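So the structure is just underneath, and the comments pick up after that.
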Number of protein chains: 2
Amino acid sequence: MVTARDVAERAGTSTAVVSYVFNNGPRPVAPKTRQRVLDAAAELQYRPNALARALSAGRTFSIGIVVPHIRNPYFAALAEQLEAGTRARNHLLLIGDSGGDSAQEQSHLTSFIERQVDGIVLVSVRSQPELVGLDTAGIPVVALHRMPGGSRASSLAIDSVAAAATAAGHLVSHGYRSIGVLTGPIDSPGTEEHLIGVAEATRGQRVKVEHRTSEISRYHATEVTSSWLANERPRAIYCATDEQAFGVLFAAWRAGLSVPDDLAVLGGDGTAECAVTIPPLSAIQRPVPQLATRSIELLLDASPGDGPVTITLPHELVRRESCGCI
Amino acid sequence: MVTARDVAERAGTSTAVVSYVFNNGPRPVAPKTRQRVLDAAAELQYRPNALARALSAGRTFSIGIVVPHIRNPYFAALAEQLEAGTRARNHLLLIGDSGGDSAQEQSHLTSFIERQVDGIVLVSVRSQPELVGLDTAGIPVVALHRMPGGSRASSLAIDSVAAAATAAGHLVSHGYRSIGVLTGPIDSPGTEEHLIGVAEATRGQRVKVEHRTSEISRYHATEVTSSWLANERPRAIYCATDEQAFGVLFAAWRAGLSVPDDLAVLGGDGTAECAVTIPPLSAIQRPVPQLATRSIELLLDASPGDGPVTITLPHELVRRESCGCI
DNA sequence: TTGTATGCGTTATCAT
DNA sequence: ATGATAACGCATACAA
């Protein structure tokens, strides 16, 4: 490995000057000296050691994100946006996949603490994440869903109750009188909100609501839906996530049902993939770009003093063919 | 931050002993002392600083992967497997998304060098990646596609020529006499091999072969395919990647064409998603688990001395409905 | 078995 | 403007 010392020797100067050159400060360097350093560095292919730099400077220029499943298009989109955003600010994004498992989630968080990330974006599998160690480590956290009161983490999310109400309301306005709701496991973040929202929108509407859960996987959603459709099936299904909606679409096709004529379907994330499903999927759209941008701002621009904040972002209903709109 | 020194003080011992305890060596520690250290560490919620550890030990326990597009299910699957594999070996996986851009790819590689990763898995956007700096940094690299001769990187891949031949041969065996081939950009890794393989399999078969390219994106593939289908369309299309095949499926549906009756489709990755597309997608299947496992072995278990290796893994044709098999 | 002291590569303070 | 040097937190060779 070639170090600042090697560069200094070759340039006939000291390591301090090498550091000044590569950081544009904090001390000025004579143009001639600077050039000698740059030349020496180029010839030696010198790359500053980010570890040493971080150890000395006290920040790593990295942030971490933990998601339940990186193959879920919504989380992949989130990771993609976050990566772009962090890169634009010269930071590295560390991605942790919890596989929907609480212990693995904690293990990633611990790993991030050990690696001294400057901040963490969290999509927890638990509705009441523990966040053990994060506060004592002094690492800021922003969760992309509601957090229980008194939490040390900031929260940046859409209003899931309102979103579910929007979705259910839209299905009702299509005239569908029996609505199915497919969410993730009972204790996963958002499930309760979705149910409340749907209840609100259908109250006094003479609409039958039925609730099912599946893992947040298109494959498991397909399984669950297949048996659902085989019996007394709803006229429309609102899925808490796109991933599950994809599974519903497939199950409907397998069952020989036409979407939206026999069964209307609504997704809950509004990922880009919705535009090319068969048929294109109407969905509640989460503002991924804002989610990413604001997460980064919250993490990187927060003053040490200020506590956790709770921010609600607007959602949108994107109408495509699966609900019967087009 | 709580350091080893804090733990040592509280346990009434030295930092050396704290280190011995946390690393199970290299010196033994008396059970009683050990327990005191463990207790102190627990009470203080001590987490060893991975940066300092890495700086001192000379390895970071991390490996990096650079892929063109993390939202592509094949790369997402790769990342997922790799992450599981590295975690099993107590390493962290750093994921870099090049966005299909050569400069961004290099920028990620540089970032990985600076962060002193122990190894790099590369899926390059270029058929002749430059890998500047990697060799001088002494970081082992394994590419998941063929590399030009004389490269410093190992190569771990299926035989794309044979895979394409398998695919084209299968379509021919279905009796399709006009076959379309949709690959990524001309200079992307594998494109040439695919064309050669298809040519081999169709030689002297009185089969018409037509080649188109698109970005490796389902959306762009949809665009390209739509105009393709509008004119003199092929009876079957073999796509170099699943991502593109998904776009073809959608374009066919949009055009009112039935798959496989009007148009047969074959994918090139064999991701899990193929099982739930409409209709399910037949595809060449890449051995993602082996790709991941062996990459990790190559990077982590290589003796300093041994040079780059070239390994060919077997592929498989998975028959589903899109080609007409079921 | 345990403590002391040095080095890892960088930054930044204090001299010069 | 630049050089010497002390941290940063941990691992380990060397002492005891």
Side-chain angles (χ1 to χ4, degrees), chain A residues 1-38 40-41 44-62 90 113-118 136-139, chain B residues 1-38 40-41 44-62 90 113-118 136-139:
Chain A
M1 158 179 297
V2 25
T3 73
R5 192 197 177 98
D6 299 323
V7 176
E9 272 176 20
R10 192 171 230 275
T13 177
S14 73
T15 62
V17 171
V18 174
S19 172
Y20 298 154
V21 169
F22 272 80
N23 298 305
N24 288 318
R27 302 253 79 87
V29 174
K32 261 180 50 183
T33 317
R34 163 183 221 80
Q35 196 51 53
R36 283 211 317 279
V37 169
L38 256 18
L44 266 37
Q45 290 204 291
Y46 168 67
R47 300 263 174 277
N49 183 325
L51 271 62
R53 199 196 280 251
L55 184 59
S56 178
R59 35 185 315 210
T60 54
F61 284 85
S62 66
N90 275 89
I113 295 175
E114 290 173 352
R115 293 189 136 87
Q116 311 284 121
V117 297
D118 298 333
T136 73
I139 300 177
Chain B
M1 161 179 293
V2 25
T3 74
R5 191 196 177 99
D6 299 322
V7 176
E9 273 176 19
R10 191 171 231 276
T13 178
S14 73
T15 63
V17 171
V18 174
S19 171
Y20 299 153
V21 169
F22 273 81
N23 298 305
N24 287 320
R27 304 253 78 87
V29 174
K32 259 181 51 185
T33 317
R34 165 186 219 79
Q35 196 52 52
R36 281 213 317 279
V37 170
L38 257 17
L44 265 38
Q45 289 204 289
Y46 168 67
R47 302 264 175 274
N49 182 324
L51 271 61
R53 196 197 282 252
L55 184 60
S56 178
R59 35 185 315 211
T60 54
F61 284 86
S62 67
N90 275 89
I113 295 175
E114 290 172 351
R115 291 189 139 86
Q116 312 285 120
V117 297
D118 298 334
T136 73
I139 300 177

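Note that the coordinates shown come from a computational prediction; the quantities given were computed from them, not determined experimentally.
As judged by a 4.0 angstrom heavy-atom cut-off over every strand, B:Thr3 is placed among residues touching the sugar-phosphate backbone only. As judged by a 4.0 angstrom heavy-atom cut-off over every strand, A:Val18 is placed among residues making no nucleic acid contact. Within 4.0 Å of B:Tyr20, counting heavy atoms only, lies at least one base atom of the nucleic acid. Base contact: B:Pro28 has a heavy atom under 4.0 Å from a base atom.
Following rounding to the nearest Å, B:Phe22 (CZ) and D:dG9 (P) show an atom-to-atom distance of 16 Å. Atom pair A:Arg59:CZ and C:dT10:P shows a separation of 18 Å (rounding to whole Å applied). The nearest whole Å value for the distance from the CG atom in B:Asn24 to the P atom in D:dT12 is 12 Å. A straight line from CG of A:Leu51 to P of C:dC8 spans 15 Å, rounded to a whole angstrom. The distance between atom CZ of A:Arg47 and atom C1' of C:dT10, rounded to the nearest whole Å, is 17 Å. Atom CD of A:Glu114 and atom P of D:dC10 are 10 Å apart (whole Å). Atom CZ of A:Arg36 is separated from atom C1' of D:dT2 by 11 Å (rounded to the nearest Å). Per the geometry, CG belonging to A:Leu44 stands 14 Å off P belonging to C:dG9, to the nearest Å.
Checking D:dA11, C:dG3, D:dC10 against the side-chain heavy atoms of B:Ser14 singles out C:dG3 as nearest. Set against D:dA11, C:dT4, C:dT2, the side chain of B:Ser56 has D:dA11 as its closest nucleotide. Among D:dC10, D:dA4, D:dT12, the nucleotide with an atom closest to any side-chain atom of B:Ala16 is D:dT12. Here D:dC8 is the nucleotide among D:dT2, C:dT4, D:dC8 with the atom lying nearest to any side-chain atom of A:Leu55.
Considering only side-chain N and O atoms, B:Asn49 lies nowhere under 4.0 angstrom from the phosphate OP1 or OP2 of D:dC8. When the side-chain nitrogen and oxygen atoms of A:Thr13 are compared with OP1 and OP2 of D:dG3, one or more of them lie within a distance under 4.0 Å. Side-chain nitrogen and oxygen atoms of B:Arg53 include at least one within less than 4.0 Å of the OP1 or OP2 phosphate oxygen of D:dA11. Within the 4.0 Å cut-off from OP1 or OP2 of D:dT2, at least one side-chain nitrogen or oxygen of A:Thr33 is found.
The nearest pair of heavy atoms linking A:Thr15 to A:Ala8 is N-CB, 3.7 Å. Across every non-hydrogen atom of A:Val29 and A:Val17, the tightest pair is CG1-CG1, 4.1 Å. Nearest heavy atoms, A:Arg34 versus A:Val21: NH2-O, 3.8 Å. The two residues B:Tyr46 and B:Val2 have their closest heavy-atom pair at CD1-O, 3.4 Å. Nearest heavy-atom pair across A:Thr60 and A:Ser62 is OG1-OG, 2.8 Å.
Between the side chain of B:Arg36 and the main chain of B:Ala11, a donor-acceptor pair closer than 3.5 Å is present.
Residue order along DNA chain D, read from the 5' end via each residue's closest nucleotide, puts B:Ala57 first among B:Arg27 and B:Ala57. Residues B:Gly12 and A:Pro26 each lie close to DNA chain C; by heavy-atom proximity, the contact nearer the 5' end of the strand is made by B:Gly12.
Taking 3.5 Å as the limit, the base of C:dT10 and the side chain of A:Tyr46 contain no donor-acceptor pair of atoms between them.
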